[in-house]
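Accompanying notes for the structure given below.
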Amino acid sequence: MKDPYLDPVRAIQKNQDLRPETPILNVIYDDFWGTPLTHSGSHKSYRPLCVLSFRLNYFLGELNPWGYHLGNVLLHVVVTAVFTHFARIFLRHTVPTIAAGLLFACHPIHVEAVAGVVGRADVGACLFFLLAILAYIKYVHQREVGNGGEKYVWFGLVAVLTTASMLTKEQGVMVIAVCASYDLFIHHKVTLQDIITFKWVKRKDILEGIVLLVLVGVSLITFRLVFMGNKPPEFAPSDNPASDSESLLTRTLTYLLLPSLNLWILLCPRVLSFDWSMDAIPLVESAWDVRNVYSIVFYFLLFYKSYLLICDLHNNSNKSTIGKIFQPYMNGNGLTHHTHSNSQNNNHHHHNKNVLSLKSSKLLSSSRRPSNSSTDSEDEQTTGVRIYRSQDICVMAFALMVFPFVPATNLFFYVGFVIAERVLYIPSMGFCLLVAHGGYVVYKKLQRNSVAQKVFAAAFVALVALFCGKTVIRNRVWQTEENLYRSGVSVNPAKAWGNLANVLNSQGKVGEAETAYRNALIHRSNMADTHYNLGILLQDQKRYEEAIESYKRAIQCRPKLSMAHLNLAIIYALQSRYEEAEKVYMHCADLDTSGLKDPRLHENTKISALYNLGRLYAEMDRNQDSIAMYKEALKRRPSYYQPQSIYNMMGEVYLKLTQFDEAEYWYKEALRVKTDHIPAHLTMAKLFQKKNMVQVAEEWYQKARDIDAGDLSVQHHYAQFMAETGRLEEAAQMYLAAVERAPNDFEVVFNAANILRQIQDNSRSEDLYRRAAHLKPHVATAHMNLGAMLHLNGKLAEAEHSYLEALRLKPDDTTTKQNLVKLRNLMKKDTSNGKAKR
């Protein structure tokens, strides 16, 4: 399951490829999430340049989100500046250029790509995408003026920038198609008939550019396929429900609808969402679905405009020499975007007349030039400026909108989303170019009606203002996860409630979180992650039976969810259901991780299952089985699983067996792997304490305190050491300090009560025993000790109740039985004395 809550966690927080200790070459072989590309569970998102930028962020500020967001914002500023320069080349005039730049800068559809950290892939790919187009325009110019060496330098730059765009995000490779469109339909005005009859192939200059582009494209796609293991990624049905439908009609109608919806949110970004998966957009399952009208209107307009562009190309080819002579006039500096000082007097011609500039040595004779040669052509010949007509701008805009969007259409392969706003970052360039140009054309046509012109200008300014306002509002939504997920409830309630519950749970709003989890499951009952997260919440509240049910449902929805298996076994162990726990641990350790999106997490969980099973065997005094299980964990652990905890627990078992030399060896192994491993310091101290080397033991406790004086486990075990060596007052003070820091830690509270009892501070001891019994009501020892303290304090009836509860939990406990007999004898004696006095 993929969503913005998980994206930054997996791509940044849990991505080992960002860490300096991970070899930088791993970036080449792993996907965007740090999973090897050849793994069956890989998402196949190969974006090494984007990951390298995250790695730079980590180097500069580790996981501080400020730096990552600053990087995205600065990148968007640079892209906006380059796009504005690009728009200036095609639009020429200041007003439409500024309009295009403003639209791109403030379009609300860009918020996800800029505010969402992982959107850097889209923004970065867009930068290289734009630069590749600009480099190709320079290549075409150098090719036309005959600069052989320089043209190949420019094309080499095209190849490098195209590669960089693809290695930042996959859709970047589609710049090849945009460059080819420029060469064929804008620069050379090749007609559809020329394409079909391969007439254009006869022109060496066109053929050279297209062949080079095809070679680059084929090489990059081949490289991509080989690196991803020649297998497409696998997605959950919830990511793209249409792809999971068995009905060809449903898949076809739904896929036909989606482009029109993407265009609509470009035109009217009123409703936006962090996620559009699951049932956010219901499948189109019938030809009578009213939404098919949207598809019909969309494709009618698309094909109609394409038809007009084809006709325009054909007509201009017939009435001019374009397509026959391919040497447009350029000044010595190549393409420029400076407007002739008199061009504004002729703006009404620029969008409807043919444009042709030739070298002075090859000017057409008057008999071959159209009798109504345009003012645009004159401008080109006198200023050296290449004038792009409306047709050219429309072709470029359509190419920018269509080709980068093709990978998201499910046309060639299924994708892991329904609608993704950040995917529209590159196509939006074409949209902004088209709107700015169209608006300027309308504005100029209204110049005879000044009122209408002013109204139109005001409407356009209002549109930009509305876009800016929506962007500001949307950015505020993206400021916090809680705001983001609450905003998505109306679009995708299942995903939004589930993610909101995670946030509320992390804030300690347990009741609200539980309600949100259950709301999510009402909308979609088969979400394994939501069942699992609800199970954790219930487990933390010690509602073990409900937690077990949630984990079982999670496993039913996703049998390979190893974390659910692990937590289920942990609860069984807490409830002393050892056989059930053992079976679940063993099953978890043997789970197949193929096809899982985060194989590292699941491999780690499997080793954790073996580790916990070893601990369970140790608690059951099956010490040899425990050692065998730890060795199995060491044998099967992946290289990225740190083994110090296993080494330390192995030493614990050997210590129980009084094999001190073996215990010391494994403790030293733990410290060799991690020199500041506090548990190994504590167990080493216990080892020397067992050897009656008290001074050495205390030195190890002091070393642990030097590493982290505030560590609760250090405080707890050091206090225990003091108590065992007769320093009861010191031990009591240290335990009381620990209780203040961790009032709900059973072991700390219980041991503090024991020490206070030993120094005869019975009142405070009673209070702490009560708290311990409340914290773990299923632990018989807690009730037995509470009964003993109540017994000493003369609260006989309460003491009897505690003893009986202890016997209910542990019926064969001899000490409790003996204490209960003594208590009842005392109660009888007290009763007899009372009667005698009466």
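As a basis for the values below, the full set of heavy atoms in this structure was taken, side chains included, without hydrogen atoms, waters or symmetry mates.
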Handout entry: With Glu549 via salt bridge (charged side-chain N to carboxylate O under 4.0 Å, His left out) - residues at least two apart
Key = Arg553
Exercise for the section: Could you tell me the separation between the CG atom of Leu591 and the OG1 atom of Thr605, rounded to the nearest 0.5 Å? Expected result: 9.5 Å
Practice task
State which residues pass salt bridge (charged side-chain N to carboxylate O under 4.0 Å, His left out) with Lys691; sequence neighbours excluded, sorted by chain then number.
Solution key: Glu664
Handout entry: Asn819 vs Thr816, side-chain hydrogen bond (donor to acceptor under 3.5 Å, both in side chains): CA-CA, chis, key distance, verdict
Key = CA-CA 5 Å; Asn819 284 352; Thr816 307; over 6 Å; no
Practice task
Taking ring pair (Phe, Tyr, Trp, His ring centres under 6.0 Å) as the test, write out the residues that go with Tyr701, two or more places apart.
Solution key: Tyr718, Phe721
Problem - Test salt bridge (charged side-chain N to carboxylate O under 4.0 Å, His left out) applied to Arg486 - qualifying residues, sequence neighbours left out - result: Glu482
Practice task
Would you mind listing every salt bridge (Lys or Arg N to Asp or Glu O under 4.0 Å) that reaches into residues 712-728, with sequence neighbours excluded?
Solution key: Glu698-Arg727, Arg727-Glu730
Exercise for the section: Please examine the side chains of Tyr517 and Trp497, heavy atoms only from C-beta on, and report whether any two atoms are closer than 4.5 Å. Expected result: no
Practice task
Kindly compute the distance separating CD (Gln720) from CG (Asn754), expressed to the nearest 0.5 Å.
Solution key: 9.5 Å
Handout entry: Residues Glu652 and Lys686 bridged, charged N to O under 4.0 Å
Key = no
Problem - Pairs touching residues 565-579 that satisfy salt bridge (Lys or Arg N to Asp or Glu O under 4.0 Å), sequence neighbours left out - result: Glu545-Arg577, Arg577-Glu580
Exercise for the section: Applying salt bridge (charged side-chain N to carboxylate O under 4.0 Å, His left out), name anything that partners Glu512, two or more places apart in sequence or on another chain. Expected result: none
Problem - Arg622 side chain near Glu582 side chain, heavy-atom distance below 4.5 Å - result: yes
Practice task
Could you please spell out the steps behind the side-chain hydrogen bond (donor to acceptor under 3.5 Å, both in side chains) verdict for Asn567 and Tyr551?
Solution key: CA-CA 8 Å; Asn567 281 15; Tyr551 290 139; 3.1 Å; yes
Under 3.5 Å donor-acceptor pairs involving side-chain atoms of residues 640-649, not counting sequence neighbours:
from	atom 1	to	atom 2	distance (Å)
Asn648	OD1	Thr683	OG1	2.6

Practice task
Please check if the distance between the ring centroids of His681 and Tyr667 is under 6.0 Å.
Solution key: no
Exercise for the section: Quick one: which residue pairs count as a salt bridge (Lys or Arg N to Asp or Glu O under 4.0 Å) with a foot in residues 735-754, not counting sequence neighbours? Expected result: none
Practice task
Evaluate the side-chain proximity of Asp621 to Lys656: yes if any heavy-atom separation is below 4.5 Å, no if none is.
Solution key: yes
Practice task
Sort and list the pairs that fulfil ring pair (Phe, Tyr, Trp, His ring centres under 6.0 Å) and have at least one residue in residues 736-763, not counting sequence neighbours.
Solution key: Phe746-Phe750, Phe750-Tyr769
Please list, one pair per line, the donor and acceptor atoms closer than 3.5 Å that link side chains of residues 798-807 to other protein atoms, with sequence neighbours excluded.
from	atom 1	to	atom 2	distance (Å)
Glu798	OE1	Arg770	NH1	3.3
Glu798	OE1	Arg770	NH2	2.9
Glu800	OE2	Arg824	NE	3.0
Glu800	OE2	Arg824	NH2	3.2
Ser802	OG	Glu798	O	3.4
Tyr803	OH	Ala788	N	3.4
Tyr803	OH	His791	ND1	3.3
Glu805	OE1	Arg808	NE	3.2
Glu805	OE2	Arg808	NE	3.3
Glu805	OE2	Arg808	NH2	2.6

Exercise for the section: Flag the pair Arg558 and Asp529 as a salt bridge only when some basic side-chain nitrogen lies within less than 4.0 angstrom of an acidic carboxylate oxygen. Expected result: yes
Practice task
Scan for salt bridge (Lys or Arg N to Asp or Glu O under 4.0 Å) pairs involving residues 699-712, sequence neighbours excluded, and state none if there are none.
Solution key: none
Handout entry: Parallel, tilted or perpendicular, as decided by the 30° and 60° cut-offs, for the rings of Trp666 and Tyr654
Key = parallel
